[in-house]
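All values below come from the heavy atoms of this structure, side chains included, with hydrogens, waters and symmetry mates left out. Small disclaimer: the values here were computed from a predicted structure and weren't measured. Throughout, a chain's letter reflects where its sequence line sits, starting with A, and its residues are numbered from 1.
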2 protein chains.
Amino acid sequence: MPTDDIRWIDDRGRDNDYNPPELNPRGIIMEAKCPHSATTVNCNDCRMSALCLPMALQADEIDRLNRIVERGRPLQRNEYIYHAGEPFKSIYAVRSGAVKGFTVNDEGVEQVTGFYLPGEIFGMDGIGHPNHINSAVALETAAICEIPFSRLEELSTQIPSLQRHFFRLMSREITNDQQLITMLSKNSAEERIATLLTSISARNARRKLSGSRFRLPMSRADIGNYMGLTVETVSRVFSRFQKQDILSVDKKEIEILDLDRLRSMANT
Amino acid sequence: MPTDDIRWIDDRGRDNDYNPPELNPRGIIMEAKCPHSATTVNCNDCRMSALCLPMALQADEIDRLNRIVERGRPLQRNEYIYHAGEPFKSIYAVRSGAVKGFTVNDEGVEQVTGFYLPGEIFGMDGIGHPNHINSAVALETAAICEIPFSRLEELSTQIPSLQRHFFRLMSREITNDQQLITMLSKNSAEERIATLLTSISARNARRKLSGSRFRLPMSRADIGNYMGLTVETVSRVFSRFQKQDILSVDKKEIEILDLDRLRSMANT
DNA sequence: CGGGCGGGTTGATATACGTCATATGGAAAG
DNA sequence: CTTTCCATATGACGTATATCAACCCGCCCG
């Protein structure tokens, strides 16, 4: 099975990475110290554009989109992008860093609903409701684009390809969730972890980063929460994978030693 | 907690039921023999309109929507509305009967992704893809409205409230799925079944049917599949609920004897 | 420097649910 | 009417994962 078939998460990631330090038209090095710097970026020279909303647009249309996008200061680890219960106003795109989306139920128990990496869109859960249903926090220092939803809606009525693309994004969120549902109701702990790792690997590869060596932005507890497992089980699976020479793990640093085997486990 | 908070499924159902036998303008009794009869129905006099797509529209707009809706002959039990892999062309609304949505993975294992009752929309999973990802079959004799998606998209650019409503529908599908995810990863077998039953109860009540006595349209196997349980476990939970005087079960006929207790179990 | 603390690992034990087997009853088929 | 078959039910048993507990390690903070 080709990598592309690991759809439930991979569809979010497609290509490229955040805008790395590079020369601007005047030859001055931008963002050399802070890769999360925001103010100098716009949709035209953001290298995420190929997988973010602009991918559906022509140059002049990107310009119009660009004008409604808001880019704040970089967020620190554990800073919220939005809280459940807040009025829903915008959707968001990750430019750099990583974000965790989650709900908290009546008893205060958290449920992680997704991890978002550079180039991915989040916050769509709020669209059907006056207030946000989920919360979102930065898992590490992150640069986020905010796209006011009412402006985007307006723009969508004027640019059919944007409307279509947006429908597609939402429907993919649905199929992603459904593949997670399948996993939770049918797959073992090992299969779930293998699926998560191959997914992150593929999303990294598409951003031209290593698909075999990377740093997990989330804790074991977050992984377990997301996959319906306890921390202990996650930890044990990681240990077992190491004993089997599938992985090499050093805290959050992961090296995938046998991607084929990992894929065949994930592949249920 | 009010019934309304059982969001993960209830949001689909809101009010009313299929069009029952009634007088047409000329005083002739319509559809007396077949409640699933299609040809005489249009969006204006369909009593599902209050929770279906027309709910967002003015009279003249409903007319325009009505003109793009296709209503075929009633479907029999086990007939497919669409198969996974078929080109995606339309979304669908249930006018009467019940529908099961499901995926089949590479090994041929089925995963139920949802049950759809009268007034509810399904088939949105296909939007982001050229072909349908899921399949959908009638669980019992059913009348279905087909809404060609390209026409709906077109109409949406002309009627902003329709676009907005459609965004809402999709986002609710997302939050529904996420609440199912939470249930699968955190709740016991009893809690899951209790949640399903209270959900169906609430959806029936909103259609002015009994919320305490109803017929389950799906098999125990489908329930188990949907909730991540085996048939045996589903059966045992039903038996246990009967011993505790929470339910009275006769094959698919359900009577809820203690809705409060059921709610408090569901309510995790 | 020492203590506390959060995150991670590992082991021993408990348990909810799955698996396998068998039974029943109604519906469809012949 | 008999046979077959499918859905449902119920019991015995096994097991994957949760739970509980102890421990380690790096980090922050006094």
>> Test side-chain hydrogen bond (donor to acceptor under 3.5 Å, both in side chains) on B/Q178 and A/N134; report intermediate values, then the result.
In response: CA-CA 10 Å; B/Q178 288 180 351; A/N134 294 352; 3.0 Å; yes

> Counting side-chain heavy atoms from CB outward, which of C/dC20, C/dC17, C/dT10 is closest to A/E232?
Replying inline: C/dT10

> Within this structure, what is the CD-to-P distance between B/E253 and D/dA7, rounded to whole angstrom?
Replying inline: 18 Å

> If you look at every strand shown and take non-hydrogen atoms under 4.0 Å, does A/T230 touch a base, only sugar-phosphate, or nothing?
Replying inline: base

>> If I take atom CZ in residue A/R240 and atom P in nucleotide C/dG8, what distance separates them, rounded to the nearest angstrom?
In response: 18 Å

>> Distance check needed: C/dA16 C1' versus B/L229 CG, whole Å only.
In response: 11 Å

> Are A/Y116 and A/Y92 near enough that their ring centres are under 6.0 Å apart?
Replying inline: no

>> Rounded to whole Å, how long is the line connecting atom CG of A/D250 with atom P of C/dT9?
In response: 10 Å

> Does A/R71 come within less than 4.0 Å of A/E146, counting only side-chain N to carboxylate O?
Replying inline: no

> Taking atom C1' of D/dA7 as reference, at what distance in whole Å does atom CD1 of B/I223 sit?
Replying inline: 12 Å

>> Go nucleotide by nucleotide along DNA chain C from the 5' end; which of B/A189 and A/M218 gets its closest nucleotide reached first?
In response: A/M218

>> What is the distance, to the nearest angstrom, from the CG atom on A/N225 to the C1' atom on D/dA18?
In response: 15 Å

>> Measuring from the side chain of A/S188 (C-beta onward, heavy atoms only), which nucleotide among D/dT8, C/dT10, D/dT17 has the closest atom?
In response: D/dT17

> Counting just side-chain N and O atoms, does B/T233 come under 4.0 Å of either OP1 or OP2 of C/dA16?
Replying inline: no

> Contact class for A/S219 (heavy atom, under 4.0 Å): base, sugar-phosphate, or nothing?
Replying inline: sugar-phosphate

> When we call it a touch if two heavy atoms are under 4.0 Å apart, what does A/G228 touch: a base, just sugar-phosphate, or nothing?
Replying inline: sugar-phosphate

>> If I take atom CD1 in residue B/I193 and atom C1' in nucleotide C/dA16, what distance separates them, rounded to the nearest angstrom?
In response: 14 Å

> How many angstroms lie between OG1 in B/T182 and CG in B/L180, if you round to the nearest 0.5 Å?
Replying inline: 8.5 Å

>> Rounded to the nearest 0.5 Å, what separates atom CG in B/L184 from atom CE in A/M183?
In response: 11.0 Å

> Separation of A/R220 atom CZ from C/dG7 atom P, in whole Å?
Replying inline: 12 Å

>> Please pick, from C/dT10, C/dG18, C/dG8, the nucleotide with the shortest atom-to-atom distance to any side-chain atom of A/R236.
In response: C/dT10

